[in-house]
Amino acid sequence: MYEAYECSQLLKLSVQIECIAAYDDNLLVGTKVGHLLMYSISSRYSDNKNEVHLLRYNRTFSKKPIQQLAVVQEHQLLISLSDNIICVHDIAAINFPTICTVPETKGATLFSVDIKRTVTQSGKTSVIVRMCVVVKRKLLLFYWKNGSFHPLMEELSMPDTPKALAWIKETICVGFKGDSVYMLYHLNRDSKKDNSQTPLCPPGNRPPSVLEMNDEIFILGKDNSSIFVGTDGEAASLKQMKWESVPKDLVYDEPYIVALFPDSLEIRTVEPSLIVQMQKVKDPRIIIRCRSGLLYVASDEHVWCLQNVTWSRQIHFLLEQKQFQLALKIANISDEPSEDKARNVHQIQTLYAYDLFNKKQFKESMEQFLKLETDPTEVIKLFPNLLPQQARTRPAVDAVVQLADMDLESGLLALIEYLTKVRLSKKAEKERKDKEQAERDTKRKLGKLTLVVEKEIDTESANHDKFSKATEQLFQIIDTTLLKCYLQTNDAFVAPLIRLNHCHLGEAEKMLKKHEKNSELIILYQTKGLHKKALELLQKQSTQQDPSLQGHYRTVLYLQNLGRDYIELIFQFAGWVLEQHPTDGLSIFIEDMPEVEGLPRPKVLDFLLRLHKSLVIPYLEHVIHVWKDESTILHDALVHQYREQAATLLAGGKLAEGKVVRAKLLSFLESSNNYSPENALVQFPYDSMFEERAVILGKLGKHEQVLSIYVMMLGNVSQAIKYCHDVYRSEREGADEVYVLLIKMLISPPDSWLRGVPVSPATSKPDLETALSLLEEHASKIHPIQALEVLPDTVPICRIRHFLESSLQKQLNERRRILVLKSLTVAENLQVQEQRMHYESQSIKMTELNVCSVCKKRFGNQSAFALYPDGDVVHFSCQDRKAQQ
């Protein structure tokens with residue numbers, strides 16, 4: 001308990017006090033004999049004394065007891081209930097003259113005034129005064145205007161006579177005598193709609209009491225308890241307050257609720273519910289609130305003043321007692337300057353957050369730190385083991401509890417949630433700042449800035465750089481701390497966190513090694529660009545028992561994702577995989593991934609040729625056939641590798657395998673157009689691999705040498721004929737004479753005239769029949785003059801009749817086609833000439849009145865112009881604009 005109010009006696013009257021009211025420094029006392037007294041009260045904190053001066057004393061105010069008083073200060077009105085009727089008086093005039101009487105209120109027993117203050121757009125305060133009066137079993141509603149009260153709406157019928165009344169906004173709470181319930185009446189100004197009502201709890205074995213707590217909550221009396229109910233009829237989140245006995249009267253003065261008992265008054269807080277102060281007072285009966293921190297209590301003869309102790313003293317005491325929530329409420333309602341108030345509130349909230357932490361209410365503590373935007377480093381200091389040794393300093397508040405076991409785990413989980421929210425908040429702020437900086441950069445690029453704006457942008461950019469640096473440092477602290485927390489609570493979140501790439505390398509590396517988190521350590525190295533250390537660890541762990549790192553697959557995957565900038569590192573660590581697992585190792589260079597496809601292929605080829613030659617052909621086959629690489633270097637290399645492998649296999653007696661490789665070589669030589677035939681030809685021997693040599697010579701257009709190989713060396717005339725078909729169909733150079741070459745070779749086998757091709761005696765005999773069959777079968781493809789020149793004179797005409805007829809028909813068809821084409825060309829020329837003459841015959845008269853249809857300007861004497869088919873005439877320079885219309 002502590003002293004929230006200082007109590008002092010103000011008055012002792014010789015007449016019985018019936019009611020009191022107060023405003024500013026004035027106190028109004030209504031007596032049972034109808035006297036009205038007005039006092040001026042001046043309080044002094046220094047000596048706890050009040051100076052009381054009687055300002056007015058009206059003995060004839062009423063002939064009956066004054067039942068109730070209310071003051072409307074803005075209109076200088078005093079509303080009184082006496083002799084069961086409402087009267088309105090001028091409080092500023094002597095003896096409180098009556099302004100008006102409200103005749104409709106005859107028989108009234110209770111009233112409540114609702115004063116609504118609003119600020120208009122012009123800055124003036126508008127005051128609306130409404131009054132609710134109890135007349136038997138009715139509620140009458142009025143509003144003040146032009147010096148009198150007017151009916152607000154139709155009267156409300158009650159089930160019983162109300163004994164307690166309070167009005168908040170558009171809700172009136174009514175308490176009835178006996179066992180009746182409290183009722184909420186929700187006003188509806190629309191006459192076509194009924195006013196709704198909500199029944200509440202009964203008052204129990206006590207007179208009903210209703211008190212306004214704030215703009216949202218009523219305080220209802222039930223037996224020896226106070227219940228908090230919202231204007232919507234729902235129970236408020238505040239705990240029910242129980243008293244030792246039934247209070248005689250209550251008043252709420254934030255944050256305190258003051259209750260009167262027969263020989264004392266009791267002061268409590270609502271939330272948290274605490275007994276603050278007990279004050280001995282003889283037979284108090286009435287208590288009212290004048291303003292925040294100033295209450296008046298009256299008995300039948302005495303009036304006391306309750307003046308609150310200074311807020312600073314109360315806050316100081318509460319902080320010593322660690323009642324931070326209550327201290328916060330008091331700090332928020334204090335009348336200190338806004339800056340001082342904000343500073344005090346922040347300090348109290350900080351102390352409150354640390355106190356919650358010491359009480360092991362970790363989640364609530366972290367929520368407070370988050371609201372306060374406390375430096376995360378200060379929060380992390382609450383867990384000393386999470387900071388590096390050199391960074392461990394004492395937290396801002398002493399005597400912080402040391403955590404262990406379950407408490408430590410709970411604290412770490414709360415810290416994780418806190419740091420995650422801070423991180424998200426800072427990330428959003430950084431994105432916003434970066435966007436603003438991008439906008440400033442755009443303005444700068446436009447180049448149309450005043451000197452003042454340029455300086456402002458420079459300043460803002462400098463501030464942005466500082467902010468970005470500070471944010472990155474904060475991210476590093478947060479992520480490193482989160483890493484340590486996850487390692488102690490839930491290591492499943494370690495890997496996703498490390499991928500964010502903000503952890504401090506040294507601290508994170510040490511912690512991961514300590515907890516033997518090798519997989520996560522590799523991710524750390526990867527995100528920090530320390531690929532060599534990651535690959536060294538992968539190679540080391542490949543022979544260990546860790547199932548996630550055992551073997552070579554993680555190394556293969558890691559190398560596949562590095563890309564062309566790390567090609568030398570790839571070569572360095574791909575070696576052991578290629579030696580132990582060649583097929584999987586080759587996937588480092590042929591996997592269908594953008595990073596792998598982007599590797600420099602000549603360098604990869606050179607690496608494989610030097611150290612892993614057996615994998616060269618599979619690599620080249622994938623690059624050429626799957627990735628469709630058209631590089632001459634790679635195609636030449638594959639030709640060379642096929643040739644070399646085939647020669648080695650055949651020389652080693654592996655005929656079947658050698659034939660397979662030769663088939664692949666031959667197929668590649670025929671299908672590929674990207675290798676260099678000249679370079680390939682010199683690699684092939686003259687005494688073997690004749691088919692391959694023939695294909696290469698064909699690529700070079702050496703038709704005679706190709707045919708000589710097929711006919712003379714291989715004795716394969718059908719292959720020679722097929723070659724002629726392919727050349728003729730592809731219309732390559734020499735296509736018109738390739739058949740003649742073959743016929744000549746069949747009729748007169750070459751001897752000394754075909755240099756460079758060894759001739760077999762078995763194939764050196766003339767084959768006139770085959771030559772004549774070829775001549776007849778392909779007569780349309782062979783030039784007749786060239787064919788006749790190579791045929792022997794001894795060949796009868798009848799043997800070449802079909803050939804001659806076909807050749808003659810072909811020549812006649814060609815002549816006819818040429819004549820038709822000539823006629824069509826002449827006719828087309830005549831049409832063009834006719835069309836030219838038609839357009840040349842057209843004319844247009846240009847005068848000074850002609851205007852360009854595009855720029856709307858006249859044509860000058862020297863203007864060049866263009867005439868369109870629709871008759872439009874434009875300047876020659878306006879043609880582009882005309883086309884865009």
Side-chain angles (χ1 to χ4, degrees), residues 1-8 23-25 41-50 117 119 123 125 213-216 251-258 267-272 274 276-277 289-295 305-359 364-379 381-382 394-400 418 422 425 429 463 467 470:
M1 295 177 64
Y2 64 96
E3 191 177 55
Y5 292 90
E6 294 178 344
C7 183
S8 61
Y23 70 98
D24 288 345
D25 294 329
I41 312 296
S42 59
S43 59
R44 296 184 298 179
Y45 282 113
S46 59
D47 53 8
N48 192 25
K49 291 184 179 180
N50 293 289
R117 299 173 177 87
V119 179
T125 301
M213 179 175 174
N214 52 38
D215 288 343
E216 300 292 339
V251 75
Y252 180 73
D253 183 31
E254 189 179 10
Y256 303 112
I257 187 168
V258 184
I267 301 169
R268 291 190 180 189
T269 57
V270 177
E271 190 177 25
L274 300 172
V276 174
Q277 184 179 355
R289 177 178 180 270
C290 178
R291 59 175 179 271
S292 177
L294 180 60
L295 310 178
C305 173
L306 290 181
Q307 180 72 46
N308 70 321
V309 176
T310 58
W311 297 123
S312 59
R313 283 177 57 190
Q314 294 189 50
I315 291 172
H316 178 74
F317 180 83
L318 290 170
L319 293 180
E320 289 181 347
Q321 299 298 315
K322 295 188 177 181
Q323 294 293 340
F324 299 104
Q325 286 179 288
L326 189 52
L328 273 176
K329 287 188 176 182
I330 293 176
N332 280 311
I333 64 175
S334 67
D335 53 0
E336 294 180 325
S338 57
E339 292 184 3
D340 294 341
K341 181 186 292 188
R343 184 169 56 253
N344 290 338
V345 168
H346 189 277
Q347 181 183 6
I348 295 170
Q349 286 179 316
T350 302
L351 294 172
Y352 178 47
Y354 280 108
D355 183 66
L356 288 172
F357 185 87
N358 284 334
K359 291 177 179 177
E364 294 80 0
S365 174
M366 296 303 159
E367 288 176 354
Q368 289 296 319
F369 284 127
L370 192 64
K371 291 178 183 177
L372 293 168
E373 299 183 354
T374 304
D375 183 356
T377 307
E378 293 297 323
V379 180
K381 287 179 182 178
L382 297 171
R394 297 176 64 184
V397 175
D398 294 334
V400 175
Y418 162 75
V422 171
S425 174
E429 184 180 4
N463 293 335
F467 169 79

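Values reported hereafter were calculated over all heavy atoms of this structure, with side chains retained and with hydrogens, waters and symmetry mates removed.
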Roughly how far, to the nearest 0.5 Å, is the SG atom of C290 from the CG atom of L306?
-> 12.0 Å
Sub-3.5 Å donor-acceptor pair from the side chain of D253 to the main-chain atoms of G293, do we have one?
-> yes
Report, as yes or no, whether the 6.0 Å neighbourhood of atom NE2 on H316 holds more than 12 heavy atoms from other residues, nucleotides or ligands.
-> no
Separation between CD1 (I257) and OG1 (T269), nearest 0.5 Å, reads 10.0 Å
Interatomic distance, R313 atom CZ to I315 atom CD1 [nearest 0.5 angstrom] = 12.5 Å
Within-4.5 Å side-chain heavy-atom neighbours: R268 and V276 = no
Taking Q277 for the side chain and A4 for the main chain, is one N or O donor matched with an acceptor at less than 3.5 Å?
-> yes
So, Y5 versus Y256, ring centres under 6.0 angstrom or not?
-> yes
Side chain proximity check, E429 to F467, heavy atoms < 4.5 angstrom | yes
Is the closest side-chain heavy-atom distance between N308 and Q314 below 4.5 Å?
-> yes
The residue among V270, L274, I333 that forms side-chain contact (heavy atoms from CB on, under 4.5 Å) with P255 is I333
Validation row: L294, Q307 side chains within 4.5 angstrom (heavy atoms) = yes
Nearest 0.5 Å, what's the OG-CG distance between S365 and N358?
-> 8.5 Å
Are any of the side-chain heavy atoms of N344 and W311 separated by less than 4.5 Å?
-> no
Using a 3.5 Å cut-off and no angle test, enumerate the donor-acceptor pairs between side-chain atoms of residues 322-332 and protein atoms at least two apart in sequence or in another chain.
residue, atom, partner, partner atom, Å
Q325, NE2, Y352, OH, 3.4
K329, NZ, E271, O, 2.5
N332, ND2, L328, O, 3.0

Salt bridge (charged side-chain N to carboxylate O under 4.0 Å, His left out) contacts touching residues 336-352 (sequence neighbours left out) | D340-R343
Could you state the interatomic distance from CG (L372) to CD1 (I348), rounded to the nearest 0.5 Å?
-> 11.0 Å
Between Y354 and F369, how do the two ring planes meet: parallel, tilted or perpendicular, split at 30° and 60°?
-> perpendicular
Report yes if the side chains of Q368 and K371 come closer than 4.5 Å at any heavy-atom pair, otherwise no.
-> yes
Would you give the length of the straight line joining atom CG of N50 to atom CD of E6, rounded to the nearest 0.5 angstrom?
-> 9.5 Å
Shortest non-hydrogen contact from T125 toward R117 = CG2-CB, 4.3 Å
Taking R291 for the side chain and D24 for the main chain, is one N or O donor matched with an acceptor at less than 3.5 Å?
-> yes
